[in-house]
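Worksheet: the structure to be examined is printed underneath.
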Amino acid sequence: MTEDARLNVATIIGTARPGNYTAKALSLVNDELTKRGIPVTCIDPADMTLGFPGEPETADAVKLQQIVAAATGVVIATPEYHGSFASALKLMLENLGFPSRLARKPVALLGVAAGRIGAIKSLEQLRGVCSHVGALVLPGPVSVASVQQVFDETGRCTDAATEKAVRGVAAVLLDYIDDHLCPAVALEHLVRSGEVGRVS
């Protein structure tokens with residue numbers, strides 16, 4: 001992945017619960033993106049005041065929309081609560097406007113759960129919602145099972161295989177951007193600069 005100042009990624013923590021494992025897992029993705037020279041804006045619902053559908057749009061909702069609209073790609077991390085994703089994440093999705101700012105954005109998914117089967121149910125439902133609003137949901141979502149056993153209280157991942165898989169979420173997103181978006185950006189630049197079609 002070549003460094004490009006025009007590229008940036010928004011990452012979303014899908015819960016406002018204090019000390020959540022979702023943020024701990026997502027921090028590995030953020031770190032991997034940063035190591036690859038990609039600017040990251042991490043969105044935490046705990047820092048935002050968002051209205052319910054039908055209520056006036058808040059300043060934080062406008063900020064949320066601006067961040068996602070400006071992002072080249074998005075990573076959404078979700079816990080599994082009662083067989084679904086958390087209400088905080090649903091509220092963020094509701095506040096992304098209509099049409100959603102996720103429309104036509106590549107989106108990579110990461111899920112965590114305390115149970116042994118991982119966040120399969122929440123990831124399936126999140127994929128459906130994101131696809132419905134027009135996001136380009138990438139294949140290969142990563143689900144971390146027994147998350148409290150592979151992250152310690154400081155947020156350090158204690159399992160090498162889990163850390164590799166979680167960091168791989170960043171790689172999946174950047175590979176898609178490299179293969180599908182960067183050529184389009186380069187072509188647009190050439191067209192605007194007049195290089196395409198110029199007779200030498």
Side-chain angles (χ1 to χ4, degrees), residues 1 9-36 38 40-48 64 68 71 73-94 96 100 102 105-133 135-177 179:
M1 179 78 193
V9 172
T11 63
I12 298 175
I13 302 171
T15 176
R17 183 176 181 176
N20 65 82
Y21 285 99
T22 306
K24 294 175 182 178
L26 186 59
S27 68
L28 292 177
V29 180
N30 293 340
D31 181 66
E32 187 66 24
L33 289 166
T34 301
K35 283 182 176 179
R36 293 172 182 240
I38 306 300
V40 179
T41 302
C42 187
I43 303 168
D44 188 342
D47 298 330
M48 306 188 110
L64 172 65
V68 173
V74 179
V75 178
I76 303 177
T78 180
E80 184 159 306
Y81 287 169
H82 305 295
S84 184
F85 54 90
S87 59
L89 178 52
K90 184 63 163 66
L91 189 60
M92 282 194 287
L93 296 173
E94 296 287 1
L96 281 172
S100 174
L102 284 176
K105 295 281 182 184
V107 175
L109 303 181
L110 169 65
V112 306
R116 289 181 294 175
I117 65 169
I120 301 301
K121 292 182 179 179
S122 62
L123 287 171
E124 286 178 349
Q125 293 176 38
L126 183 57
R127 171 183 287 276
V129 171
C130 290
S131 296
H132 183 80
V133 300
L136 304 173
V137 184
L138 302 182
V142 171
S143 173
V144 179
S146 303
V147 66
Q148 72 281 5
Q149 297 178 19
V150 294
F151 285 88
D152 63 22
E153 292 182 356
T154 69
R156 184 178 66 90
C157 185
T158 59
D159 182 78
T162 297
E163 179 167 350
K164 182 179 180 180
V166 172
R167 287 183 179 274
V169 173
V172 167
L173 179 61
L174 296 183
D175 284 348
Y176 180 89
I177 290 172
D179 292 343

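In what follows, residues are counted from 1 in the order of the sequence shown. These figures come from a predicted structure and were not determined experimentally.
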Would Glu32 and Val169 count as a side-chain contact (heavy atoms from CB on, under 4.5 Å) here? Give the steps. CA-CA 9 Å; Glu32 187 66 24; Val169 173; over 6 Å; no
One should read off an interatomic distance between Ile177 CD1 and Ile38 CD1, to the nearest 0.5 angstrom, of 7.0 Å
query: Donor-acceptor pair, Gln125 side chain versus Phe85 backbone, under 3.5 Å?
result: no
For Ser27 and Lys24 the tightest heavy-atom approach is OG-O, 2.5 Å
Sequence neighbours excluded, the answer for salt bridge (Lys or Arg N to Asp or Glu O under 4.0 Å) partners of Lys90 is Glu94
Query raised in the report: Quick one: does Pro45's side chain get under 4.5 Å of Thr15's, heavy atoms only?
Result: no
Checklist entry - Between the main-chain N or O of Val150 and the side-chain N or O of Thr158, is there a donor-acceptor pair closer than 3.5 Å? => result yes
Begin from the C-alpha positions of Val172 and Val142 and carry the test side-chain contact (heavy atoms from CB on, under 4.5 Å) through to its verdict.
CA-CA 10 Å; Val172 167; Val142 171; over 6 Å; no
Here the pair of heavy atoms bringing Val147 nearest to Tyr21 is CG2-CB, 3.7 Å
Chi angles and distances behind the side-chain contact (heavy atoms from CB on, under 4.5 Å) call for Ser100, Leu93 | CA-CA 8 Å; Ser100 174; Leu93 296 173; over 6 Å; no
CE (Met92) and OG (Ser87) are apart, to the nearest 0.5 Å, by 10.0 Å
| Any side-chain heavy atom of Leu33 sitting closer than 4.5 Å to one from Leu174? | yes
### Any Thr78 side-chain heavy atom under 4.5 Å of Thr22 side chain
no
**Prompt:** Do the side chains of Leu96 and Val133 get nearer than 4.5 Å, heavy atoms only?
**Reply:** no
What one should report as the nearest heavy-atom pair of Leu138 and Arg127 is O-NH2, 3.2 Å
Gly14 and Pro79 have their tightest heavy-atom pair at O-CD, 3.6 Å
Original post:
Counting N and O atoms only, with roles assigned by atom type, does the side chain of Ser131 sit under 3.5 Å from a partner on the main chain of Gly128, one being a donor and the other an acceptor?
Top reply: no
Can you find a heavy atom in the side chain of Cys130 that is under 4.5 Å from one in the side chain of Ile76?
yes
Separation between CG (Asp31) and CG (Leu26), nearest 0.5 Å, reads 11.0 Å
Closest non-hydrogen contact found for Ala16 with Ala88 is N-CB, 4.0 Å
dist Thr11:OG1 -> Asp44:CG (nearest 0.5 Å) comes out at 9.5 Å
In this structure, CD1 of Ile13 is separated from CG of Asn30 (nearest 0.5 Å) by 7.5 Å
message: Is it true that, when you exclude Arg167 itself, more than 12 heavy atoms of the residues, nucleotides or ligands shown sit nearer than 6.0 Å to its CZ?
response: yes
Rounding to 0.5 Å, atoms CZ (Arg36) and CG (Leu173) come to a distance of 10.0 Å
Quiz item: Should Leu28 and Phe151 be marked as a side-chain contact (heavy atoms from CB on, under 4.5 Å) after you check the CA-CA gap, both sets of side-chain angles, and the distance that decides it?
Solution: CA-CA 11 Å; Leu28 292 177; Phe151 285 88; 3.9 Å; yes
Check: Does Lys105 NZ have over 12 foreign heavy atoms under 6.0 Å away?
Finding: yes
- Do Ser143 side-chain atoms and Ala119 backbone N/O form a donor-acceptor pair below 3.5 Å? yes
Sorted by chain and residue number, the side chain to side chain donor-acceptor pair (under 3.5 Å) partners of Asn20 (sequence neighbours excluded) come out as none
Across all chains, not counting sequence neighbours, the side-chain contact (heavy atoms from CB on, under 4.5 Å) partners of Ser146 are Arg116, Gln149
